[in-house]
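The structure under discussion appears below in the form of structure tokens.
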Amino acid sequence: MQILVWVFEVLFISSLVGVFPLSLAETTSPGVCSEADRAALLAFKAKIVKDTTGILSSWIGRDCCGGDWEGVQCNPAGRVTTLALQGPVKDSSMYMKGTLSSSLGSLPFLQVLVISGMKLITGPIPDSFSKLTRLTQLVLEDNSLQGNIPSGLGLLSHLQTLSLAGNHLKGPVPPSLGNLRNLGMINLGRNSLSGPIPASLKNLHLLQSFDLSFNSLSGFIPEFLGQFRNITFIDLSNNQLSAHLPISMFNLVSLSYLSLSHNLLTGTIPEQVGNLKSLTSLSLSSNKFIGHIPASISRLQNLWSLNLSRNGFSDPLPDVSNRGIPSLLSIDLSFNNLSLGTVPKWITDRQLSDVNLAGCKLRGSLPRFTRPDSLSSIDLSNNFLTGSISTFFTKMTSLQKVKLSNNLLKFDLSELKVPDGISSIDLHSNQVCGSLSNILNNRTSSFLEVIDVSNNLISGTIPEFSEGLNLKELNIGSNRIAGQIPSSISNLIELERLDVSRNLITGTIPMSLGRLANLHWLDLSINRLTGRIPTSLLGIKFMRHASFRANRLCGEIPQGRPYDIFPASAYAHNLCLCGKPMPPCRGKKQETSQ
């Protein structure tokens with residue numbers, strides 16, 4: 001879903017004239033840089049104490065308008081009109097560290113100010129930015145800015161794009177932003193803003209994209225949203241908004257994306273939802289909605305993603321004809337008050353990519369899908385499904401993730417024939433038996449990243465692990481697995497989470513386990529392991545949780561972080577473990593913490 005949001009925002013930004021210049025070349029040759037503007041830029045540079053992007057290293061020489069100063073553009077008179085500094089959000093090694101200089105407020109001809117993805121720029125947004133009265137684009141995304149949003153930003157009357165997303169801003173949304181009558185996009189998401197959505201925002205009649213997601217906003221969704229006739233994107237998810245949905249919202253015939261998930265919204269979905277004829281994505285998950293899902297939803301001809309999970313919706317589902325919701329690709333009705341019994345034909349007979357019906361009281365055998373080749377993700381967990389799995393994956397050539405946990409499925413792992421491209425298999429809490437060697441062998445796909453077969457009836461031993469596997473999570477806990485942990489466990493170089501607890505595993509903890517540098521969760525508890533906890537585990541630098549409880553281990557616990565600061569319960573009920581956090585080893589004086 002986050003990828004979907006990103007696509008919508010990129011498409012919107014691309015539609016705006018002159019938002020982020022793709023080239024620093026101007027149609028008209030710029031003049032020599034104004035000395036005052038050059039001084040303001042250098043004052044900004046001086047406030048950046050570290051720049052691993054290398055952008056500011058190009059800011060040398062007298063002429064900031066000659067094209068050599070990266071991110072800077074000027075008009076023919078030599079006045080700076082654009083400052084666009086964009087860092088790669090996902091590359092943690094590329095950042096700027098420092099604060100925003102108030103000197104940027106002394107660039108009177110600035111029209112575009114973009115400082116985004118720099119991660120470690122802290123401190124407040126300077127009040128001096130309110131003097132940038134020619135500004136049309138202000139984008140300060142994905143930094144670490146703090147404090148309140150300056151009310152003075154409401155003086156920037158020419159502003160078309162305002163994005164302060166992905167910072168640490170707090171306090172209310174300033175009512176003064178309602179003065180920005182030329183705004184087409186406002187994104188204040190992923191901050192810590194609180195209070196209500198101010199009524200003054202009703203003046204933003206040109207608004208096309210409205211994102212206040214991932215904050216702590218409270219109060220109602222305002223009725224005035226229904227006045228934004230041009231709006232295509234609304235995301236108010238992950239707040240504390242309450243009360244009913246305003247009926248006016250369902251007059252927005254241009255609205256393409258609507259996410260109100262993870263709030264405290266109540267009431268029912270009105271029949272008028274069928275009026276949103278342009279809607280492609282609707283997410284109302286994790287609220288307190290009740291009642292029936294309205295039949296009018298079948299009129300949404302362009303809808304391809306529908307997420308109504310984790311509410312209180314009840315039976316019956318609407319009777320959707322073959323022509324209803326013709327564009328649907330992804331559906332999530334999980335964890336409501338639905339008692340479906342079987343998966344409706346209007347779901348099984350469609351060409352869907354994602355089907356999520358967890359906790360819908362499904363019974364009987366696993367469903368058969370008419371177009372299994374289109375499915376990429378299936379979640380039928382927390383139901384009452386029974387029987388075998390032998391033919392379920394037939395022709396599911398595109399399947400990447402499957403979750404069938406917490407059912408009554410009963411089969412041998414030898415019957416499990418999964419597609420080659422699958423990345424995640426979750427079968428925990430069923431009645432699965434057989435040997436792990438049926439799914440972990442030299443034919444196991446390198447695409448497979450997650451295996452969870454915990455809380456079943458699996459027996460045998462842990463097989464040898466061949467090179468080339470890319471498993472990140474392996475959970476085989478609460479089974480009947482015996483034998484030893486093979487030293488070839490070190491071949492799982494991508495492993496982040498390993499749980500073999502509550503089995504019958506014997507032998508020693510292999511030294512090679514310490515080579516799993518990415519491991520951050522390890523649970524070996526309630527087995528029959530003997531010997532010492534190997535000191536090689538000290539080589540795992542990011543371990544956040546480890547449990548060795550209830551084995552037959554003895555000797556000194558590795559004396560180094562984090563093992564010597566884990567709670568004593570992580571080592572309890574063994575033969576003779578000693579050293580921090582347990583009592584000192586006999587004949588060895590325990591050092592006190594500094």
Side-chain angles (χ1 to χ4, degrees), residues 1 4 258 261 269 271 273-274 276 279-286 289 291-389 391-409 419 422 424 426:
M1 182 57 70
L4 182 65
L258 177 60
S261 60
I269 301 177
E271 282 289 334
V273 70
L276 301 177
L279 204 61
T280 61
S281 178
L282 174 62
S283 180
L284 303 177
S285 64
S286 299
F289 292 116
H292 304 318
I293 299 169
S296 62
I297 210 162
S298 64
R299 301 205 307 265
L300 300 176
Q301 298 291 299
N302 295 301
L303 191 71
W304 58 271
S305 178
L306 176 63
N307 188 347
L308 305 178
S309 63
R310 298 183 184 275
N311 281 287
F313 295 118
S314 54
D315 299 317
L317 284 183
D319 185 14
V320 179
S321 68
N322 290 336
R323 296 183 180 181
I325 332 181
S327 304
L328 193 65
L329 292 176
S330 175
I331 186 167
D332 193 343
L333 303 178
S334 302
F335 300 111
N336 280 285
N337 290 329
L338 298 171
S339 298
L340 297 186
T342 58
V343 180
K345 284 183 65 64
W346 65 268
I347 294 178
T348 57
D349 290 353
R350 285 175 186 269
Q351 187 173 345
L352 299 175
S353 63
D354 302 289
V355 175
N356 301 280
L357 298 174
C360 287
K361 297 184 176 64
L362 297 172
R363 301 178 184 276
S365 302
L366 288 165
R368 291 182 179 273
F369 293 92
T370 304
R371 296 296 304 272
D373 56 318
S374 67
L375 288 165
S376 65
S377 174
I378 302 174
D379 185 355
L380 303 177
S381 62
N382 294 83
N383 283 294
F384 302 96
L385 297 169
T386 58
S388 177
I389 202 172
T391 61
F392 181 64
F393 295 112
T394 304
K395 297 183 179 179
M396 290 188 182
T397 52
S398 301
L399 194 65
Q400 296 178 28
K401 295 183 179 181
V402 61
K403 189 171 184 178
L404 301 175
S405 55
N406 283 298
N407 277 289
L408 304 172
L409 298 171
I422 202 161
S424 178
D426 187 351

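Values below: every heavy atom of this structure, side chains too, minus hydrogens, waters and symmetry copies. Note that the coordinates shown come from a computational prediction; the quantities given were computed from them, not determined experimentally.
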Go through the steps for Ile269 and Ile297 under the test side chain to side chain contact (heavy atoms under 4.5 Å, CB included), then give the verdict.
-> CA-CA 10 Å; Ile269 301 177; Ile297 210 162; 5.5 Å; no
CG on Leu303 to OG on Ser281, rounded to 0.5 Å = 7.0 Å
Results of salt bridge (Lys or Arg N to Asp or Glu O under 4.0 Å) for Lys395 - residues two or more places apart only | none
Distance-only, no hydrogens or angles: does the His292 side chain make a donor-acceptor pair with backbone N or O of Leu317 under 3.5 Å?
-> no
Solution key, residues 396-406 side-chain donor-acceptor pairs under 3.5 Å, sequence neighbours excluded:
residue : atom : partner : partner atom : Å
Ser398  : OG   : Asp373  : O            : 2.8
Asn406  : ND2  : His428  : NE2          : 3.3

Let me see the working for Ser305 and Thr280 under side chain to side chain contact (heavy atoms under 4.5 Å, CB included), right down to the final yes or no.
-> CA-CA 6 Å; Ser305 178; Thr280 61; over 6 Å; no
First locate atom CG of Leu284, then atom CG of Leu258, and finally report the distance between them rounded to the nearest 0.5 Å.
-> 6.0 Å
At what distance, to the nearest 0.5 angstrom, does CG of Leu375 lie from CZ of Phe393?
-> 11.0 Å
Can you tell me if Glu271 and Ser296 form a side-chain donor-acceptor pair at under 3.5 Å?
-> yes
Do Asn307 and Ser261 come within less than 4.5 Å of each other through their side chains, counting heavy atoms only?
-> no
Measure across Asp379 and Ser381 and return the closest heavy-atom pair with its distance rounded to 0.1 Å.
-> OD1-OG, 2.7 Å
Which atom pair, heavy atoms only, marks the closest approach of Asn383 to Gly359?
-> ND2-N, 3.6 Å
Name the atoms and distances for all side-chain donor-acceptor pairs under 3.5 Å in residues 324-342, with sequence neighbours left out.
residue : atom : partner : partner atom : Å
Ser327  : OG   : Gln301  : O            : 2.7
Asp332  : OD1  : Ser334  : N            : 3.0
Asp332  : OD1  : Ser334  : OG           : 2.8
Ser334  : OG   : Asn356  : O            : 3.3
Ser334  : OG   : Ala358  : N            : 2.9
Asn336  : OD1  : Asn311  : N            : 3.1
Asn336  : OD1  : Gly312  : N            : 3.4
Asn336  : OD1  : Phe313  : N            : 3.1
Asn336  : ND2  : Leu308  : O            : 3.1
Asn336  : ND2  : Leu333  : O            : 3.0
Asn336  : ND2  : Ser334  : O            : 3.4

Taking all atoms of both residues into account, what is the closest heavy-atom pair of Phe384 and Leu408, and its distance?
-> O-CD1, 4.2 Å
How long is the gap from CG on Asp349 to OG1 on Thr370, to the nearest 0.5 Å?
-> 3.5 Å
From CG (Leu357) to CG (Asn382), nearest 0.5 Å = 12.0 Å
OG on Ser377 to CD1 on Ile422, rounded to 0.5 Å = 9.5 Å
How about Val320 and Arg350: do any of their side-chain heavy atoms sit closer than 4.5 Å?
-> yes
Measure the shortest side-chain to side-chain distance between Leu362 and Pro367 over non-hydrogen atoms and say whether it is less than 4.5 angstrom.
-> no
In sequence, state the C-alpha distance, the side-chain angles, and the governing distance for Leu409 and Phe392, and then conclude on side chain to side chain contact (heavy atoms under 4.5 Å, CB included).
-> CA-CA 12 Å; Leu409 298 171; Phe392 181 64; over 6 Å; no
